[in-house]
Undergrad: 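Got a structure here, written out as structure tokens. Questions coming.
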Amino acid sequence: MNLLRRWLPDRRWGVIAPPFLWLSLFFVIPFALVFKISLSEMAIAQPPYVPLLEYLDGVLNVRLNFGNYTWLFDDPLYADAYLSSLGIAAWSTVICLAIGYPMAYAISKMRGSLQNLCLLLVVLPSWTSLLIRVYAWMGILKNDGIINNVLLAVGLIAEPLRLLNTTGAVYVGIVYAYLPFMVLPLYANLTRMDPRLLEAAADLGARPLTRFLRITLPLSVGGVIAGSMLVFIPAVGEFVVPELLGGNEATMIGKVLWGEFFANRDWPVASAVATLMLLVLILPILLFHRYQSRELEVAR
Amino acid sequence: MDDYVSIQGLTKRFDDVVAVHDVSLNIRQGEIFALLGSSGCGKSTLLRCLAGFEVPSDGRVLLDGEPLASSEPHERPVNMMFQSYALFPHMTVESNVAFGLKQDRLPKAELRERVDAMLELVQLTELRRRKPHQLSGGQQQRVALARSLVKRPKLLLLDEPMGALDRKLRSRMQFEVAAIIERLGVTCMMVTHDQDEAMTMADRIAIMDAGRIVQIGTPDEIYEQPNCRFSAEFIGSVNLFDGTVADDERDHVTITTDDLESSLYVGHGITGYEGMAVAFALRPEKLFIARENPGRLHNQAHGRVEEIGYLGSHSVYHVRLDRGKLIQVITLNNERWAADRLRWGDAVWVHWDDEAGVVLTS
Ligand SMILES: Nc1ncnc2c1ncn2[C@@H]1O[C@H](COP(=O)(O)OP(=O)(O)OP(=O)(O)O)[C@@H](O)[C@H]1O
Ligand SMILES: [Mg+2]
């Protein structure tokens, strides 16, 4: 209790309690469960794994099985999947940034009513399910899809290009799905910027390009990092897009996880995959967090 | 040069508001010129027109004989210190100050030298590696000043330079900033709504009301010879008597007013006519207050002390005259123990000299 009080000063309890509970309920406890399963062994049973603790004849047996983890390192399939996931997520983030920054910048410079309209257009697609939107992309990219039909009709190509079931299609899908998560934090950051800073820079003799490079860009780093994390972190574990658009081309870790879980019904290995993924992602999350708290300090 | 900066018929309209209305004025080289006016009267807009952030709807500005008309802000030899300083939060004090010089692609050595000299001048050398958010309000203000001075602008614009400081620091910085500007010989136009600030810092003051210039003059001209009711009431406190000219001679005028039993006698001529409606402005410190009847023919009134404000160095008396008007009298407390200090409710006489007040015709 004493330790707890040191951590959470009384007066702040009211404010801290809700997010604390939320985090415990929806992150810490589920993660603990997953971690527990990852140390178990597969079994043909309901649930399909061996319990960790067994109380038999007055003896408490604790069985921790690290085999699932060593298995992940033994079979190169997993390492490949992790690396390709990280690679695809990283490049998708870069592409999202390249498209999203100019968009957010342009929106932040518009007049009020137009700004709201454009922001609405940015988030509007997210109002339908991602699954449906990815299906729509299948319709666009498949062999007798819109793109191929148009190109054939115009006569630019003689036979359909293979667009679907390629890594390229995965990029298209991920960038499309996560672009709003890049645009919104960037927009929030850019509109918050004091226009007088740019006036001051102009007043001191800086040309428009210098103003952008020396003032706007460095001051929007917070938005760039926030947007990149919001794209990168979920993109690493993305399942729907590589499954539907990537075919057998892109083995991303989300697909492997799904396969272990539903196809092989090997919950312990699936859990180990998930745990390792979290460990891989925890580093950027922590970095992001550190940056954010430093930003807050500067803002004060 | 009397018209180093020459503003001619400058007008700025925003949709339906006329923020600056046909302003013409000249600023001398090396002068500190203050624009004084209440909030929203168009001071910042006028300054922003000079800096190039707003395009005037009409009129023109000459700086050292050259028209500023269409040049972009970054091309003008004009630097501005912003109302909220607008320091670059991601740069150190040093980089903030060096920013303007870097845009001119100055050689490294010269740049360093000038930044060092400027930091020395505003006493920030020790804090040069700090970021703006690690500085106090007064220190931030000096960074902003240094940043706008380091390019040696032909015209320095200060928008409410003391606006964000507390009162004590403000009065110290007023002298300090004025001293720095004068030492560098920079021509400066500053904006303020604080009359003390304008009076301490400026060589000349322009009073602005609803986008127009009402009066231009040195601080004492503005205070002692206001040219209209607005100036008189805007600067300091004043007792105003409405009346009509009864006798208009070359060397004096008399004015009758409903507020006083005897008429007002003014010891100088005015440009007016008999029967003209005028106002007579009398500063509170120009009045004498006494228990005995001073026995003048004019310029005295009987009343009762209604309130006393003791302010240490001086006291403010609110006196209700017999005809009902409430006036203010200020006396210096130059004796530590006055035996016969006036009290609340005392019957008193107030009186003043023939030259104590000003006749306002508008
Ligand atoms: N960009 C703008 N668009 C429309 N109206 C404006 C704009 N800028 C200023 N105004 C109007 O012009 C008038 C003068 O504004 P300005 O900022 O020059 O006042 P100010 O004298 O500097 O006041 P303060 O002492 O409060 O800073 C105000 O009525 C203001 O509402
Ligand atoms: Mg202003």
Side-chain angles (χ1 to χ4, degrees), chain A residues 97 101 104-105 108-115 185-228 287-300, chain B residues 44 47-54 71-92 95-106 111 115 118 130-135 140 143-153 155-160:
Chain A
L97 187 61
Y101 199 103
Y105 185 77
S108 75
K109 293 277 175 240
M110 290 173 184
R111 60 193 164 75
S113 50
L114 213 57
Q115 271 189 18
L186 275 174
Y187 164 81
N189 179 293
L190 288 169
T191 43
R192 225 182 33 207
M193 219 185 75
D194 186 354
R196 263 162 303 192
L197 294 180
L198 292 176
E199 285 183 350
D203 187 64
L204 291 166
R207 291 161 181 289
L209 184 66
T210 319
R211 299 206 283 269
F212 178 77
L213 292 177
R214 297 285 317 270
I215 311 293
T216 311
L217 199 57
L219 286 176
S220 61
V221 167
V224 171
I225 292 183
S228 301
L287 282 179
F288 173 47
H289 197 78
R290 264 230 352 236
Y291 183 84
Q292 249 192 344
S293 42
R294 226 184 41 211
E295 279 273 284
L296 278 181
E297 220 162 88
V298 173
R300 233 184 289 132
Chain B
S44 293
L47 223 55
R48 291 171 60 81
C49 285
L50 297 181
F53 301 133
E54 307 283 357
S71 56
E72 291 284 314
H74 66 260
E75 296 161 346
R76 299 190 179 198
V78 175
N79 284 140
M80 173 149 162
M81 179 178 154
F82 287 73
Q83 197 160 359
S84 51
Y85 308 149
L87 296 177
F88 305 130
H90 56 301
M91 295 183 195
T92 58
S95 315
N96 263 284
V97 175
F99 187 89
L101 293 177
K102 281 201 183 129
Q103 308 313 316
D104 292 349
R105 303 196 198 267
L106 235 56
L111 186 142
V115 170
M118 187 48 72
R130 297 247 190 116
K131 294 272 180 71
H133 70 99
Q134 298 167 314
L135 299 177
Q140 291 182 12
V143 179
L145 182 69
R147 190 178 69 174
S148 53
L149 276 174
V150 76
K151 289 191 83 171
R152 299 177 193 148
L155 175 62
L156 174 70
L157 305 172
L158 307 177
D159 193 354
E160 306 262 0

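All values below come from the heavy atoms of this structure, side chains included, with hydrogens, waters and symmetry mates left out. Lettering of chains follows the sequences in order, A, B, ..., and the numbering in each one begins at 1.
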Undergrad: Report yes if the side chains of B:F88 and A:L204 come closer than 4.5 Å at any heavy-atom pair, otherwise no.
TA: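 Sidechains of A:L204 and B:F88: in contact.
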Undergrad: At their closest point, which heavy atom of A:G205 faces which heavy atom of B:K151, and how far apart are they?
TA: CA-NZ, 3.9 Å
Undergrad: Looking only at heavy atoms, which two atoms of B:H74 and A:P208 are closest? And how far apart?
TA: CE1-CD, 4.0 Å
Undergrad: Once rounded to the nearest 0.5 Å, what's the spacing between atom CZ of B:F99 and atom OG1 of A:T210?
TA: 7.0 Å
Undergrad: Which atoms of B:K131 come close to chain A, meaning under 4.5 Å heavy atom to heavy atom: side chain ones, backbone ones, both, or neither?
TA: neither
Undergrad: Flag the one option from B:Q134, B:E75, B:M91, B:E72 with the top tally of heavy-atom pairs under 4.5 Å to chain A.
TA: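 That would be B:M91.
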Undergrad: Between atom CZ of A:R196 and atom CD of B:Q83, what is the distance when rounded to the nearest 0.5 Å?
TA: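 Answer for the CZ-CD pair, A:R196 versus B:Q83, is 7.5 Å.
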Undergrad: Which bit of A:R211 is near chain B, if near means a heavy-atom gap under 4.5 Å: side chain, backbone, both or neither?
TA: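 Side chain of A:R211 only, per the 4.5 Å heavy-atom cut-off to chain B.
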Undergrad: Restricting to non-hydrogen atoms, name the atom on B:A86 and the atom on A:L197 that form the minimum distance, rounded to 0.1 Å.
TA: O-CD2, 3.4 Å
Undergrad: What residue in A:V221, A:L219, A:D203 has the most heavy-atom pairs under 4.5 Å with chain B?
TA: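 Of the candidates given, the most pairs with chain B belong to A:D203.
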Undergrad: Using heavy-atom distances under 4.5 Å, tell me whether B:L87 contacts chain A through its side chain, its backbone, both, or neither.
TA: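 Interface part for B:L87: backbone (N, CA, C, O).
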Undergrad: Rounded to the nearest 0.5 Å, what's the gap from CZ on B:R48 to CD on A:E199? Could you check?
TA: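 So the gap between those two atoms works out to 4.0 Å.
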